[in-house]
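Written out below as structure tokens is the structure these notes cover.
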Amino acid sequence: MQSGRSCLAILLAAGEGTRMKSGQPKVLHEVGGRSLLAHALAALAEAGADTVVVVVGPDRPEVAREAQALLPSVQIAVQTERRGTAHAALAARAALAAGYDDVIVAFADTPLLRPETFGALRVALAEGAAVVALGFEARDPTGYGRLVIRDGALEAIVEHKDATLAQRAIRLCNAGMMALDGRQALPVLEAIGNANAQSEFYLTDAVAVARALGLATGALEAPESEVQGINDRIQLAAAEAEFQRRKRLAVMAEGATLTAPETVFFSHDTRIGRDVLIEPHVVFGPGVTVADGAVIHAFSHLEGAEVGPGATVGPYGRLRPGARLAARAKVGNFVEIKAADIGAGAKVSHLTYIGDATVGADANIGAGTITCNYDGFFKYRTNIGAGAFVGSNSSLVAPLTIGAGAFIGSGSVVTEDVAPDSLAVGRGRQIAKEGWAKGFRETSLARKAAARKP
Ligand code: UD1
Ligand code: MG
């Protein structure tokens, strides 16, 4: 984003997260189907960070593992004791000493920050500020640090616990993250003391320290919805709601119609094409792509799936990982597709399970068809050729190949391959007994009448 200027990002993730009441570290909880940590890392990468150092606590190896999995080049620094946000940032001392133009310090529990905002902080550095803070107008400022602005310049940030009554009346609060000029960052952070209400080394004191050194400071403002941090499950749900609101707007802005947007739930990586119609109550798990002109009917659930151009799903469709629908394919109500390719124009319209399979173009799969893909130990594939017709209520016992244009009689249990263009019927032959029903009725009525007599 800021071409020509190198950037170090320090992401503080040594949080306790006790209010989550969870066996899992706070920053590994998810919004939009990916961890809070992943959201923060993605925003920093997009803002042009050349190096990212994640500061973790000594007791949570999962956080470092997840960071490395998400960003192989990440550096991990351990803050052995929790002594404040400036102390945490200094855990990245080696990287700070390496000399970057821009330094961003961010919190890993703030998943909604947009890369553009980091970019704006970097612009302020390029324009000459040594320390730039991010502020927001808090609905309820209690607990937040306050931005003390005099004559248009940021003079200090005062933590709530240390603030005077007059300072507590300030509504402009500190979002937390901060940008520092790379040449000043190390001396400024090292000059921060801990003479305050919590005996902590506050990152926020970078402002007053910089001012004392005669350096320029500045503040930018962001909407509260963007800087909301997560400390408990209620705030996690609030962040999810904001994430979904943004994603719905983005999907509609790209040309999809959402009949009832507030009932549709996306993942961070959901890709929706133009002229797609998404009816109410649809859930997209991670890894879904929907091509132009497709229709997702109400109450469908999709994850790890590709929906081709003009294809339709649902109502009550379920696409599991590896489901791939080619152009104009139809997956109807109460149909589950897993690890299967459904060919162009093929129809799987009702009450069916297709798993570990290939369905050729224009094939028709009747209601109640099941691919029996699992014997309790191994999975097997079913291949159905182009234009084949599978009659309703058939069990296709894999491994199995049904040739192109073949026809399967309804209610068949198919255990052997079927040649192209042939008919396979695998069920008991129908027998007919003329007059049987009439005779049955007569004898039954006579028996009943006899039983009623005393
Ligand atoms: C911080 C800010 C406050 C701001 C608020 C916004 C400081 C001193 N205060 O306060 O001005 O309004 O965020 O939410 O920065 N952390 C560590 N190691 C530590 C301490 C904290 O890694 O020793 C990490 C935490 O995991 C968290 C972040 O730093 O991700 C912020 O720490 P927290 O204790 O939540 O700071 P606040 O009191 O909320
Ligand atoms: Mg906090």
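Just follow the structure's listing: the first ligand is 1, and inside any ligand the first atom is 1.
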Carboxylate-amine/guanidinium proximity below 4.0 Å for [X] and [Y]:
X	Y	answer
E200	R83	no
R5	D102	yes
E303	R320	no
E254	R274	no

Checking [X] side chain against [Y] main chain: does a donor-acceptor pair fall under 3.5 Å?
X	Y	answer
R324	G308	no
S267	T270	no
E242	A239	no
R328	P309	no

So, does A175 sit close enough to ligand 1 that a heavy atom of it is under 4.0 Å from the ligand?
yes

Mind checking whether G229 has a heavy atom under 4.0 Å from ligand 1?
no

Can you confirm whether some protein heavy atom lies under 4.0 Å from [atom], or whether none does?
atom	value
atom 34 (O) of ligand 1	yes
atom 26 (O) of ligand 1	yes
atom 37 (P) of ligand 1	no
atom 18 (N) of ligand 1	yes

What protein heavy atom sits nearest [atom], and how far off is it?
atom	result
atom 13 (O) of ligand 1	F107 CE1, 3.4 Å
atom 11 (O) of ligand 1	E159 OE2, 2.6 Å
atom 16 (N) of ligand 1	R82 NH1, 3.8 Å
atom 30 (O) of ligand 1	L12 O, 3.6 Å
atom 7 (C) of ligand 1	T85 OG1, 3.4 Å
atom 12 (O) of ligand 1	N174 O, 2.6 Å

Against the six-membered ring of F265, is R248 placed for a cation-pi contact (under 6.0 Å from the centre, within 45° of the normal)?
yes

For atom 14 (O) of ligand 1, which of F201, F136, Y144 has the closest heavy atom?
Y144

Please find out if less than 6.0 Å separates the ring center of F136 from that of Y144.
yes

Go through ligand 1 atom by atom and flag the ones less than 4.0 Å from a non-hydrogen atom of [X].
X	value
A14	17 (C), 22 (O), 26 (O)
Y202	8 (C)
A88	17 (C), 18 (N), 22 (O)
G145	3 (C), 4 (C), 11 (O), 12 (O)
R83	23 (O)
T204	7 (C), 8 (C), 9 (N), 11 (O), 15 (O)

Logged contact type for Q79 with ligand 1, heavy-atom cut-off 4.0 Å, is side chain

What I want to check is whether the side chains of E66 and S35 have a donor and an acceptor closer together than 3.5 Å.
yes

Kindly give the heavy-atom pair with the smallest separation between E30 and L236, and that separation in Å.
O-CD1, 3.8 Å

Step by step, would you call Y100 with T51 a side-chain hydrogen bond (donor to acceptor under 3.5 Å, both in side chains)?
CA-CA 9 Å; Y100 289 83; T51 302; 2.5 Å; yes

Do ligand 1 and V55 have nitrogen or oxygen atoms that lie under 3.5 Å from each other?
no

